[in-house]
Amino acid sequence: MVLVVDESRAQRAMLRIHLTRAGYEVNEATNGDDALAFCTSRRPDVVLSDWVMAGMTGPELCQKLRNGATDGYVYFILLSSKDQPADIAFGLESGADDFLTKPTSAAELLARLRAGERILLLQDESRKVNARLTETLEALRKAQVAMDRDLNEARRLQQGLIGERHTQFGDFSVSNLLRPAGHVGGDLTGSFAINAQRFGVFAIDVSGHGVAAALMTARLATQLSASLDQNAALFIDEYGLYDSRPPAVLARYLNHQMLSDLRVDTYFTMVYAVIDQQSGEVRLVQAGHPHPMVQRASGEVELVGNGGFPIGVIENARYEEITLTLNPGDKLVIASDGIWDATNPSGQMLGTDGLSAIMQTNRMSEGLGLMEAMVWSVLRFSGGQQEDDISALLIERKAAP
C-alpha cells in the first residue's frame, strides 16, 4: 500500500493514476498531520510525500515516522522541486530512503518503488529470520537450563561415587579430593575394606572430559565399590574369606576388559594399592598415573613407581607391582595430572618440585585440611585457573605416641 501526501489535488490525482495502473493500492493525505494519523492507524508500505507543505514538512513527517510514530518500517520517498546536492543530503539525513525531483516521470517513479519493494521484502525476510532465531535461542536457553540442572545433579552424584571423604582403617586414615574442571569429570578416588587386616585404595583418571568420561568413572566406581560382591578387585579364597587380587593382576584384568569387552576409545590411568594395617606394607600398581609420593615422618619426600602403561591402550600390557612400607607418621599422596601439570602464567608446570614444596609447606596439616591446602596452593600457582580435573588420595599412618 502506498500513501501519497501532497497539498495539490492534481499532483495526488496524477500519482494515483500512475500507481493504480501499476497495481498498487493507493491512499491519500493532504498534509503531514493527516498522513501521521493515517500511518498510526494503518501502516502503509511506502509513503510518497511532498517536501513543502503547510504545517508539517515532508522531512519533518519522515523524522516523526522514524522516531516511532508507527510500528514497523515504512519506505519513505521525498518529492521536491529542489535538486541541489545539499537539499538532497538534508532530505536523506532526515530519514528518507529515496528522493525524486518534480516533475516525476511514471517510469522513474515505478522503478524507485520496485527498488523499495525489494528492500522491504529483504527487511520482512530479515524479521522472519530474526523471529526464528529468537525462538531457536529461547529453545536453546531452555535446553541449556535443563542441561545445567542435569549436570549439576550429575556432579552431586559423581561426588557421591567416592563415598566418605575421610575414612578410618585402624591406624590408617584415607582422605579423598575430587574437584572437576567442569560440571562433571573423569577423575575418581576411593577406598574399601578387603578384610579385617587389609584395605584397598584407588585413584583413576579417565581420558577426556565431560559426560563421556564421567560415565566411564561411574562404571569403574561400581567395579571398585565397597560392595564386596561387585568389586572386581576382590575374590573369595578357599576359606570362604574375602581377599584381594594382586594389584598387577587387577590392572591386567581391567586392561583386557577395556580392550576386549568394552571396545571404546577411552582409556584411563590408575594407581591401585593394597595396604596391610598391621605391618604398613603397601603393594601397588602404577598404570600410567602420575607418581605416588611418600612423605616420611621426617618430612623427606620420595617418588614411587616407574610409570607403566595406561589401562585400555595396549593388549597384554605388563604391569609392575611395587612394594613399600608406611611407617608411623608417614603419608602417601596419589595426585592426578590436574595437580602435577598445573601451569602458572609463565608456562611453568608445578611438577615434582612444586608438589614436594606444597607437601613440605603443609607437613603439619592432616586429612581433609591437607587436601584443601593442596587445592588452594595449586590454584594460587596457576593464577586461579583450573584447566583439568583435580583429584588426590591421601593415606596417613598415625604417628607413634
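We count residues from 1, following the sequence as given.
- Panel note: side chain Asp389, backbone Gly338; no donor-acceptor pair is recorded below 3.5 Å.
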Working for side chain to side chain contact (heavy atoms under 4.5 Å, CB included), residues Leu61 and Phe76 | CA-CA 10 Å; Leu61 171 61; Phe76 201 98; 4.0 Å; yes

Please report the C-alpha distance between Leu110 and Tyr24 in whole Å, then the side-chain angles of each, then the deciding distance to 0.1 Å, and finally whether the side chain to side chain contact (heavy atoms under 4.5 Å, CB included) criterion is met.
-> CA-CA 10 Å; Leu110 295 177; Tyr24 292 98; 4.1 Å; yes

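- Just one of Leu393, Val333, Val375 meets the side chain to side chain contact (heavy atoms under 4.5 Å, CB included) condition when paired with Leu177; it is Val375.
- Looking at Arg21 and Ile17, their side chains come closer than 4.5 Å, going by heavy atoms from C-beta outward.
- Ion pair Glu138/Arg141 flagged as a salt bridge, since at least one NZ, NE, NH1 or NH2 atom sits closer than 4.0 Å to an Asp/Glu carboxylate oxygen.
- With sequence neighbours excluded, the residues satisfying side chain to side chain contact (heavy atoms under 4.5 Å, CB included) with Ala203 are Thr189, His289, Ile334.
- Within the 3.5 Å criterion, the main-chain N or O of Val274 finds no donor-acceptor partner in the side chain of Arg283.
- One finds the CG atom of Leu284 at 8.5 Å from the CD1 atom of Ile275 (value rounded to the nearest 0.5 Å).
- For the residue pair Asn31 and Glu7, no side-chain donor N or O sits within less than 3.5 Å of a side-chain acceptor on the partner.
- Distance alone, capped at 3.5 Å, places no donor-acceptor pair between the Asp337 side chain and the Trp340 backbone.
- Other residues, nucleotides and ligands contribute more than 12 heavy atoms inside 6.0 Å of the CZ atom of Arg127.
- Using a 4.5 Å cut-off on side-chain heavy atoms (C-beta onward), Cys62 and Leu78 make no contact.
- With hydrogens and angles disregarded, no donor-acceptor distance shorter than 3.5 Å links the side chain of Glu396 to the backbone of Lys331.
- Leu19 CG to Leu109 CG: the interatomic distance, rounded to the nearest 0.5 Å, is 5.5 Å.
- Gln385 is linked by a side chain to side chain contact (heavy atoms under 4.5 Å, CB included) to Glu387, counting only residues two or more places apart in sequence or in another chain.
- When the side chain to side chain contact (heavy atoms under 4.5 Å, CB included) test is applied to Arg43, the partners found at least two apart in sequence or on another chain are Thr70, Val74.
- Side-chain N or O atoms of Ser260 include none that pairs as donor or acceptor with a backbone N or O of Gln257 at under 3.5 Å.
- Looking at Asn344, its side chain does come within 3.5 Å of a backbone N or O of Gln348 through a donor-acceptor pair.
- A donor-acceptor pair is defined here as one N or O able to donate and one able to accept, closer than 3.5 Å; no such pair exists between the side chain of Glu321 and the backbone of Pro246.
- With sequence neighbours excluded, the residues satisfying side-chain hydrogen bond (donor to acceptor under 3.5 Å, both in side chains) with Ser244 are Tyr272.
- Distance alone, capped at 3.5 Å, is enough to place a donor-acceptor pair between the Ser377 side chain and the Ala373 backbone.
- Between Phe99 and Trp51, the angle of the ring planes goes over 60°, which puts this pair in the perpendicular group of the 30/60° scheme.
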Report the C-alpha distance between Arg12 and Thr30 in whole Å, list the side-chain angles of each, state the deciding distance to 0.1 Å, and finish with yes or no for side chain to side chain contact (heavy atoms under 4.5 Å, CB included).
-> CA-CA 9 Å; Arg12 295 199 309 272; Thr30 58; 3.6 Å; yes

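- Inspection of the Asp50 and Gln11 side chains reveals no N or O donor paired with an N or O acceptor under 3.5 Å.
- Looking only at distances, no side-chain donor or acceptor of Arg397 sits under 3.5 Å from a matching main-chain atom of Asp171.
- The neighbour count for Tyr73 OH, taken as heavy atoms of other residues, nucleotides or ligands under 6.0 Å away, is above 12.
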Identify all side-chain donor-acceptor contacts of residues 362-372 below 3.5 Å with residues at least two apart in sequence or on another chain.
residue, atom, partner, partner atom, Å
Asn362, ND2, Ile358, O, 2.8
Arg363, NH2, Ala297, O, 3.3
Arg363, NH2, Ser298, O, 3.3
Glu372, OE2, Arg165, NH2, 3.0

Determine, step by step, whether Leu220 and Met270 satisfy the side chain to side chain contact (heavy atoms under 4.5 Å, CB included) criterion, reporting the C-alpha distance in whole Å, the side-chain angles of both residues, the deciding distance to 0.1 Å, and the verdict.
-> CA-CA 11 Å; Leu220 293 170; Met270 179 184 73; over 6 Å; no

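- Expressed to the nearest 0.5 Å, how far CZ of Arg179 lies from CD of Gln386 amounts to 5.0 Å.
- Listed for the Gln277 side chain is no donor-acceptor partner under 3.5 Å among the backbone atoms of Phe172.
- Shown here is Lys102, whose NZ atom has more than 12 heavy atoms of other residues, nucleotides or ligands within 6.0 Å.
- For Val5 against Ala35, the heavy-atom pair with the smallest separation is CG2-CB, 3.6 Å.
- Under the rule for a side chain to side chain contact (heavy atoms under 4.5 Å, CB included), the partners of Tyr75 that lie at least two apart in sequence or sit in another chain are Val46, Ile77, Asp97, Asp98, Ile119, Leu120.
- Contact check on Lys64 versus Glu60 returns no salt bridge, with no Lys/Arg side-chain nitrogen under 4.0 Å from an Asp/Glu carboxylate oxygen.
- Heavy-atom neighbours of Phe90 CZ from other residues, nucleotides or ligands within 6.0 Å: at or below the threshold of 12.
- Heavy atoms of other residues, nucleotides or ligands lying less than 6.0 angstrom from CZ of Arg296 number more than 12.
- Asp187 and Ser336 share a side-chain donor-acceptor pair at under 3.5 Å.
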